[in-house]
Engineer: 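Before I ask anything, here is the structure I am working with.
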Amino acid sequence: MGTAESCTGGLVTGAITSVPGSSRVVRGSVVSYAIPVKHEVLGVTDDVIDGVGVVSAECAAQMAEGARRVLGCDVSVSVTGIAGPGGEEPGKPVGTVWMGLATPGGTKTFCALFAGDRAAVRHAAVRRAVDLLREGIMESCDPHR
């Protein structure tokens, strides 16, 4: 598994790698806090960056797919959002977080609006991202799919 993180700055990977034995399943992480890293490393297109923006379903999907590709992993999760205290945009208040989940079966995106200060938003995003990874791994391992 792998991650592509923006507003969580590596916290998702840190939470997972704090578990002994995680090295058996974690391939790595791309902390793409800067827009050029999203573009140059993960392959987020200019159309997304200049169009709907980096806090969007499209960006979350491309980040998750890019992480799967560059890390060579089966399942990846991405997180991109506005943790605050500033940075809100029209229609995207502080606490808006988009996540992507890329598996061999395809890519899904999820949006959440988390309450609280910067730390609370980031920690809530980490919890949800870890849950998504678990769900993606379980789906990928299900022989009936």
Side-chain angles (χ1 to χ4, degrees), residues 1-19 22-23 25-142 145:
M1 54 113 334
T3 68
E5 301 183 60
S6 186
C7 66
T8 49
L11 292 174
V12 175
T13 306
I16 294 166
T17 59
S18 69
V19 177
S22 59
S23 61
V25 296
V26 176
R27 291 281 298 169
S29 176
V30 176
V31 177
S32 56
Y33 207 70
I35 290 173
V37 176
K38 289 176 181 69
H39 176 68
E40 295 163 13
V41 177
L42 296 173
V44 176
T45 64
D46 288 331
D47 288 345
V48 167
I49 293 167
D50 298 332
V52 293
V54 295
V55 180
S56 65
E58 294 85 350
C59 185
Q62 290 182 6
M63 286 173 64
E65 291 162 357
R68 240 187 118 218
R69 184 182 63 256
V70 300
L71 298 172
C73 57
D74 298 316
V75 177
S76 67
V77 69
S78 66
V79 183
T80 183
I82 305 168
E88 66 185 287
E89 302 171 15
K92 299 175 187 178
V94 169
T96 302
V97 179
W98 277 96
M99 298 180 194
L101 177 66
T103 69
T107 303
K108 302 173 189 173
T109 58
F110 309 85
C111 186
L113 181 59
F114 298 117
D117 64 8
R118 182 177 180 80
V121 168
R122 292 175 73 196
H123 287 123
V126 168
R127 286 189 297 276
R128 180 65 177 125
V130 170
D131 284 345
L132 286 175
L133 269 173
R134 182 188 52 74
E135 292 169 21
I137 291 166
M138 297 302 290
E139 286 177 17
S140 296
C141 294
D142 184 353
R145 291 201 64 154

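If you read the sequence from its start, that first residue is 1, and numbering goes on from there.
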Engineer: Taking it one step at a time, do Thr109 and Met99 satisfy side-chain contact (heavy atoms from CB on, under 4.5 Å)?
Structural biologist: CA-CA 6 Å; Thr109 58; Met99 298 180 194; over 6 Å; no
Engineer: Identify all side-chain donor-acceptor contacts of residues 2-12 below 3.5 Å with residues at least two apart in sequence or on another chain.
Structural biologist:
from: Thr3; atom 1: OG1; to: Glu5; atom 2: OE2; distance (Å): 3.4
from: Thr3; atom 1: OG1; to: Thr13; atom 2: OG1; distance (Å): 2.6
from: Thr3; atom 1: OG1; to: Ser29; atom 2: OG; distance (Å): 2.6
from: Glu5; atom 1: OE1; to: Thr8; atom 2: OG1; distance (Å): 2.6
from: Glu5; atom 1: OE1; to: Gly10; atom 2: N; distance (Å): 3.1
from: Glu5; atom 1: OE1; to: Leu11; atom 2: N; distance (Å): 3.1
from: Glu5; atom 1: OE1; to: Val12; atom 2: N; distance (Å): 2.9
from: Glu5; atom 1: OE2; to: Thr13; atom 2: N; distance (Å): 3.1
from: Glu5; atom 1: OE2; to: Thr13; atom 2: OG1; distance (Å): 2.9
from: Ser6; atom 1: OG; to: Lys38; atom 2: NZ; distance (Å): 2.9

Engineer: Looking only at atom types and distance, does a side-chain atom of Glu65 sit under 3.5 Å from a main-chain N or O of Thr107, one as donor and one as acceptor?
Structural biologist: no
Engineer: Is it the case that the side chain of Ser76 and the backbone of Ala64 share a donor-acceptor pair, with hydrogens and angles ignored and the cut-off at 3.5 Å?
Structural biologist: yes
Engineer: Atom NE2 in His39, atom CD in Gln62: separation rounded to 0.5 Å?
Structural biologist: 10.5 Å
Engineer: What's the separation between atom NE2 in His123 and atom CG in Asp117, rounded to the nearest 0.5 Å?
Structural biologist: 10.0 Å
Engineer: If you take all heavy atoms of Val75 and Ser140, which pair is closest and at what distance?
Structural biologist: CG2-OG, 3.6 Å
Engineer: State the CG-CG distance between Leu101 and Asp131, to the nearest 0.5 angstrom.
Structural biologist: 11.5 Å
Engineer: Does the pair Glu135/Arg128 count as a salt bridge with the N-to-O cut at 4.0 Å?
Structural biologist: yes
Engineer: For residues 84-98, please give each side-chain donor-acceptor pair under 3.5 Å, one per line with the distance, not counting sequence neighbours.
Structural biologist:
from: Lys92; atom 1: NZ; to: Val52; atom 2: O; distance (Å): 2.8
from: Lys92; atom 1: NZ; to: Val55; atom 2: O; distance (Å): 2.9
from: Thr96; atom 1: OG1; to: Pro93; atom 2: O; distance (Å): 2.7

Engineer: Taking salt bridge (Lys or Arg N to Asp or Glu O under 4.0 Å) as the cut-off, I'd like each qualifying pair that reaches into residues 97-106, sequence neighbours left out, listed once.
Structural biologist: none
Engineer: If I take atom CD1 from residue Ile49 and atom OG from residue Ser56, how far apart are they, to the nearest 0.5 angstrom?
Structural biologist: 9.5 Å
Engineer: Out of Asp74, Val77, Leu133, which residue meets the side chain to side chain contact (heavy atoms under 4.5 Å, CB included) rule with Met1?
Structural biologist: Leu133
Engineer: Keeping Arg27 on the side-chain end and Cys73 on the backbone end, is there a donor-acceptor pair under 3.5 Å?
Structural biologist: no
Engineer: With a sphere of 6.0 Å drawn around CD1 of Ile35, does it hold more than 12 non-hydrogen atoms of other residues, nucleotides or ligands?
Structural biologist: no
Engineer: Measure the OG1-CD distance between Thr45 and Glu58 for me, rounded to the nearest 0.5 Å.
Structural biologist: 9.0 Å
